[in-house]
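Structure, as structure tokens:
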Amino acid sequence: MSYVVLPEEKTRKVSFYLAMEEYVARALGGGDYLFYWQVEPSVVFGRNQLIANEVNVDYCRSHGIAMFRRKSGGGCVYADKDNVMFSFVTDGDNVNLTFNRYMNMMVLMLRKMGVDAVATGRNDIMVDGRKVSGNAFYHLPGRSIVHGTMLFDTDMEHMVRSITPPGDKLQSNGVDSVRRRVALLKDYVDISIDGFKQSVRQTLCDGEVVLTADDVRRIEDIERSVYLSEDFIYGSEPRHTVVRRRRIDGVGGVEAHIDVKGRIIRNVTLSGDFFATGDVDGSLLRRLKNVELTPEAVAAVLPARLDDVIMNLRKEDFVSLLTDDNE
């Protein structure tokens, strides 16, 4: 695997590194590529999330914490200079296999350092039953991209206050409470954060690719046109008359915004920290237009399997989410 090196060392925004992933996937040849990065205090929320549901916008603005959207699914994360963000780019369209490969790779790397890490749930790496890494993925034609956090150390106050998760996830009820559910690598390894980064590179990579100044300009073009666009970052709040939400085991939090006229569905949009593995709009949501909002009618238009569209989603759970008036 090749480590991707920038021509100059400087701290850039989250948006640059997200654009860099895309550029590496599109412009470099086949094979495996890895790079890590650190940023000033920032929150990064998933492609399908609503910023108002996930981020304490007022706190972030008053404390200089930048806010960015990524193209992968999953939940909102906090990042700063005391933790490390990883990006992995490889061949193939099977993002599930790629994701599992990446998770196993990172777990084995940590174990080689003497850290008893395990992959658990949908996308977490745990140490002593506490989360040390959260990860997400998406794909471009013929290429898969995985990225994730690694909590070496972090500003717990900012982490707690900047992110406002749903009630059944980490609560903003005190740093000590959250600290008991989060592991920091500094407590498990006898090296600095720079030593940790060097060890990762030596363990996982056997070569390097040095980008040019022209490559950087092209990355910056992607950054400006996509990741710094207000339309991309903030999106548009979906119109709805019915909102249904549920946390589904193995899937994550799913929130459905349903436009209805009478009992007829006009439009459905989904938000949440689930992972899309297929075309959610084309394979799932478009089927629901002009369908009566009843379990029988909704079930009749949906395919038998939904887990190839949203990871681990069962048809009966999705039908129940949309049609249960108690949700």
Side-chain angles (χ1 to χ4, degrees), residues 45-55 69-76 93-96 99 121-123 136-141 144 164-169 226 229-327:
F45 43 97
R47 180 65 179 263
N48 304 302
Q49 293 188 297
L50 301 177
I51 186 170
N53 288 358
E54 309 297 333
V55 181
R69 186 184 296 277
R70 62 181 187 267
K71 288 191 174 181
S72 60
C76 186
D93 289 315
N94 192 322
V95 289
N96 286 322
F99 190 61
R122 297 177 305 143
N123 63 322
F137 61 83
Y138 73 103
H139 76 279
L140 300 171
S144 291
T164 53
D168 55 355
K169 296 180 72 175
V226 179
S229 163
E230 289 197 0
D231 284 345
F232 180 78
I233 295 172
Y234 296 104
S236 56
E237 291 295 312
R239 292 173 50 238
H240 62 273
T241 49
V242 176
V243 179
R244 302 260 167 81
R245 57 178 65 88
R246 179 184 289 184
R247 177 155 289 276
I248 302 172
D249 288 344
V251 177
V254 186
E255 184 169 291
H257 298 252
I258 311 169
D259 271 350
V260 294
K261 185 174 184 180
R263 292 289 294 173
I264 304 301
I265 298 171
R266 298 169 59 194
N267 188 54
V268 179
T269 59
L270 297 182
S271 63
D273 62 357
F274 57 87
F275 290 110
T277 55
D279 182 0
V280 175
D281 288 333
S283 300
L284 200 59
L285 302 185
R286 289 178 191 169
R287 293 172 177 260
L288 299 170
K289 290 185 177 181
N290 300 316
V291 173
E292 186 178 5
L293 187 58
T294 64
E296 297 77 13
V298 169
V301 299
L302 293 175
R305 292 188 55 179
L306 305 184
D307 57 352
D308 57 351
V309 181
I310 293 177
M311 181 186 284
N312 297 329
L313 181 62
R314 300 186 307 166
K315 179 175 179 176
E316 54 265 39
D317 288 333
F318 188 58
V319 172
S320 177
L321 167 70
L322 296 180
T323 61
D324 189 342
D325 290 337
N326 295 319
E327 287 301 317

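Closest approach of Gln49 to Gly272, counting heavy atoms only: CG-O, 3.3 Å. What you find for Glu255 and Arg245 is that their closest heavy atoms are OE1-NE, 2.9 Å. Contact between Thr277 and Ile310 at its shortest, heavy atoms only, is OG1-N, 3.8 Å. In plain terms, the two heavy atoms of Arg246 and Ser320 that are nearest each other are NH2-OG, 2.8 Å.
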Take Arg314 and Asp249 through the salt bridge (Lys or Arg N to Asp or Glu O under 4.0 Å) test and state the conclusion after the steps. CA-CA 10 Å; Arg314 300 186 307 166; Asp249 288 344; over 6 Å; no
Verdict with reasoning, Ile233 to Phe45, per side chain to side chain contact (heavy atoms under 4.5 Å, CB included): CA-CA 9 Å; Ile233 295 172; Phe45 43 97; 4.1 Å; yes
Given Val280 and Asn48, is the side chain to side chain contact (heavy atoms under 4.5 Å, CB included) satisfied, shown in steps? CA-CA 11 Å; Val280 175; Asn48 304 302; 6.0 Å; no
Apply the test side chain to side chain contact (heavy atoms under 4.5 Å, CB included) to residues Asn96 and Met311: give CA-CA distance (whole Å), side-chain angles for both, the deciding distance (0.1 Å), then the verdict. CA-CA 9 Å; Asn96 286 322; Met311 181 186 284; 3.1 Å; yes
Chi angles and distances behind the side chain to side chain contact (heavy atoms under 4.5 Å, CB included) call for Phe318, Val251: CA-CA 11 Å; Phe318 188 58; Val251 177; over 6 Å; no
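Going from atom CG of Leu313 over to atom CD1 of Ile248 covers 5.5 Å, rounded to the nearest 0.5 Å. Phe274 CZ to Arg122 CZ: the interatomic distance, rounded to the nearest 0.5 Å, is 10.0 Å.
Note on ring orientation: taking the six-membered ring where Trp is involved, the planes of Phe137 and Phe275 are parallel (angle under 30°, cut-offs 30° and 60°).
Of the possible donor and acceptor atoms, one in the side chain of Lys315 sits under 3.5 Å from a partner among the backbone N and O of Ala299. Side chain of Arg244 to backbone of Ala256: no donor-acceptor contact under 3.5 angstrom is found. With Arg263 contributing its side chain and Leu293 its backbone, the two residues share a donor-acceptor pair below 3.5 Å.
Looking only at side-chain heavy atoms (C-beta outward), Arg247 and Asp273 come within less than 4.5 Å of each other.
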